[in-house]
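No hydrogens, no waters, no symmetry mates; every other heavy atom, side chains included, goes into these values. Fair warning: this is a prediction, and the values are worked out from it, not measured in the lab.
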2 protein chains.
Amino acid sequence: MTATPSTARQDPPEAGYLRLDQQICFSLNAASRAFGSVYRVLLKDLGLTYPQYLVMLVLWEHGELPVKALGQHLRLDSGTLSPLLKRLEAAGLVRRERSARDERSVRVHLTDEGAALRERALLVPRRIAAATGFGLDEISELRERLDRLTDALDAAATAEGQDGVDPR
Amino acid sequence: MTATPSTARQDPPEAGYLRLDQQICFSLNAASRAFGSVYRVLLKDLGLTYPQYLVMLVLWEHGELPVKALGQHLRLDSGTLSPLLKRLEAAGLVRRERSARDERSVRVHLTDEGAALRERALLVPRRIAAATGFGLDEISELRERLDRLTDALDAAATAEGQDGVDPR
DNA sequence: CCCCATTTGATTGTGCACAACTAAGTTGTG
DNA sequence: CACAACTTAGTTGTGCACAATCAAATGGGG
């Protein structure tokens with residue numbers, strides 16, 4: 001039986017993959033959470049969490065959007081956005097109102113207070129960039145790779161979801 | 001009044017940063033969640049979530065660890081691990097027992113069922129690697145950058161936490 | 001007009017991440 | 001020994017992510 005419970009016996013190439021595999025997804029996860037910690041500190045002054053900050057970024061850029069479009073920009077669904085938007089509304093930063101044209105749609109727009117918050121948020125990116133210690137081009141290249149990775153994973157996920165559909 | 005509610009007026013270099021800034025952290029976040037979707041599908045057969053899978057990876061590698069050490073490997077604290085480990089224990093994959101030497105410490109180790117699960121998990125990494133569409137060296141390079149990024153962010157976060165302490 | 005598929009949000013339930021706090025055990029010092 | 005400082009897990013509360021489900025509104029055929 002021995003004390004070492006794993007990595008015994010044959011352990012073909014799989015085992016190496018297993019380690020590598022942990023590395024990439026784990027590194028990604030860890031980097032994402034490390035970003036979260038830094039943002040948490042910087043955004044506390046603004047009274048925003050990081051996902052709320054992302055929503056505000058989109059609204060600052062586009063002004064006013066239905067929940068659906070907001071979710072498409074952020075890759076988030078209503079299950080995540082609905083409570084988040086309610087908290088932003090409770091904080092007085094956004095308002096939600098049913099579209100008159102289509103009663104199913106809820107348009108989210110900034111309050112004056114929400115729009116004004118942008119001025120203070122302008123200071124954030126520079127401090128984040130400084131915290132990464134990366135140059136602009138290095139960030140840009142990393143971003144390009146991550147986006148490519150995301151696209152590949154999304155494609156794989158949907159293909160995996162319907163598995164071997166072979167839709168003729 | 002104009003339709004575009006923001007990005008008007010002066011918008012100095014800050015605005016460009018703001019956009020770039022969103023890109024890198026958002027890309028990271030999106031990639032992390034995209035990975036989550038792919039893992040979710042692959043791990044469903046094993047009855048594991050992705051964070052549970054990470055815990056099992058560490059246990060398969062090290063055999064048996066106190067909660068503290070597990071958390072250091074995964075960058076997670078007891079607030080996250082305690083309920084997660086309870087779920088793994090309820091699933092019959094691990095056991096938790098107080099160390100006799102130090103009653104504060106809880107050692108987590110694999111059950112036979114948990115150890116056996118490794119065989120089925122060996123299939124996962126290859127499918128993940130395939131889903132990324134990345135080569136091994138490209139994955140390796142990306143991982144290196146992400147780890148460097150995480151280190152820089154961690155350093156910035158702790159420095160930020162005590163802010164301008166100037167501890168004399 | 002009525003029926004039905006689709007679209008859009010909201011709700012519910014599960015699980016993770018993390019801060020703040022508590023409880024119990026351990027260690028060092030007088 | 002007594003006692004304070006520290007360590008290790010656990011608990012509680014808040015918020016995000018996502019699957020599943022529901023309800024309301026819309027729009028297109030019969």
Just the rounded figure in Å: distance from [atom2] of [N] to [atom1] of [X].
| X | N | atom1 | atom2 | answer |
| --- | --- | --- | --- | --- |
| E103(A) | dA23(D) | CD | C1' | 14 Å |
| L74(A) | dC18(D) | CG | C1' | 15 Å |
| Q72(A) | dG9(C) | CD | C1' | 14 Å |
| L81(B) | dT12(D) | CG | P | 18 Å |
| E89(B) | dG10(D) | CD | C1' | 14 Å |
| L48(A) | dT14(D) | CG | P | 19 Å |

Check residues 26-36 of chain A and write down every donor-acceptor pair under 3.5 Å in which the side-chain atom is one partner and the other belongs to a residue at least two apart or another chain.
residue, atom, partner, partner atom, Å
S27(A), OG, Q23(A), O, 2.6
S27(A), OG, D147(B), OD1, 2.8
N29(A), OD1, R33(A), NE, 3.4
R33(A), NH1, R75(B), O, 2.9
R33(A), NH2, L74(B), O, 3.2

Query raised in the report: Can you name the ring-ring contact (aromatic ring centres under 6.0 Å, His included) partners of Y50(A), sequence neighbours left out?
Result: Y39(A)

Requested in this report: Tell me, please, which residues at least two apart from H109(A) pass ring-ring contact (aromatic ring centres under 6.0 Å, His included).
Outcome: none

Report task. Treat a base pair as Watson-Crick or G-U wobble with both distances under 3.5 Å, then lay out DNA chain C in dot-bracket form, 5' to 3', with | for cross-strand pairs. Result -> ||||||||||||||||||||||||||||||

By side-chain hydrogen bond (donor to acceptor under 3.5 Å, both in side chains) - contacts of [X] (at least two apart):
| X | result |
| --- | --- |
| E103(A) | none |
| R104(B) | D102(B) |
| E144(A) | R148(A) |

Protein-nucleotides 17-19 of chain C N/O pairs under 3.5 Å:
residue, atom, partner, partner atom, Å
dC18(C), OP2, R33(A), NH1, 3.2

Requested in this report: Only pairs at least two apart or in different chains count here, so list each ring-ring contact (aromatic ring centres under 6.0 Å, His included) that has a residue in residues 71-105 of chain B.
Outcome: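 Every pair satisfying ring-ring contact (aromatic ring centres under 6.0 Å, His included) with a residue in residues 71-105 of chain B: H62(B)-H73(B).
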
Query raised in the report: What pairs meet the ring-ring contact (aromatic ring centres under 6.0 Å, His included) rule with one or both residues in residues 130-151 of chain A, with sequence neighbours excluded?
Result: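 ring-ring contact (aromatic ring centres under 6.0 Å, His included) check on residues 130-151 of chain A returns no pairs.
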
Report task. Among residues two or more places apart or on two chains, list those pairs meeting salt bridge (Lys or Arg N to Asp or Glu O under 4.0 Å) that have a residue in residues 36-54 of chain B. Result ->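 Pairs touching residues 36-54 of chain B that pass the test: none.
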
Query - Separation between CG of L84(B) and OG of S78(B), rounded to the nearest 0.5 Å - result: 12.0 Å

Query raised in the report: Is E97(A) reaching over with its side chain to a backbone N or O of V108(A), donor-acceptor style, under 3.5 angstrom?
Result: no

Below 3.5 Å is the cut-off: list the nitrogen or oxygen pairs between protein and nucleotides 7-9 of chain D, distance only.
residue, atom, partner, partner atom, Å
dT7(D), O4', R104(B), NH1, 3.4
dT7(D), O2, R104(B), NH1, 3.3
dA9(D), OP1, V67(B), N, 3.3
dA9(D), OP1, K68(B), N, 3.3
dA9(D), OP1, S105(B), OG, 3.4
dA9(D), OP2, K68(B), N, 2.9

Report task. Would you mind classifying the nucleic acid contact of K86(B) as base, sugar-phosphate or nothing, using non-hydrogen atoms under 4.0 angstrom? Result ->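 Counting heavy atoms under 4.0 Å across all strands, the contact made by K86(B) is with sugar-phosphate only.
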
Query raised in the report: Of P83(A) and R101(A), whose nearest nucleotide on DNA chain D comes first from the 5' end?
Result: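 The residue mapped nearer the 5' terminus is P83(A).
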
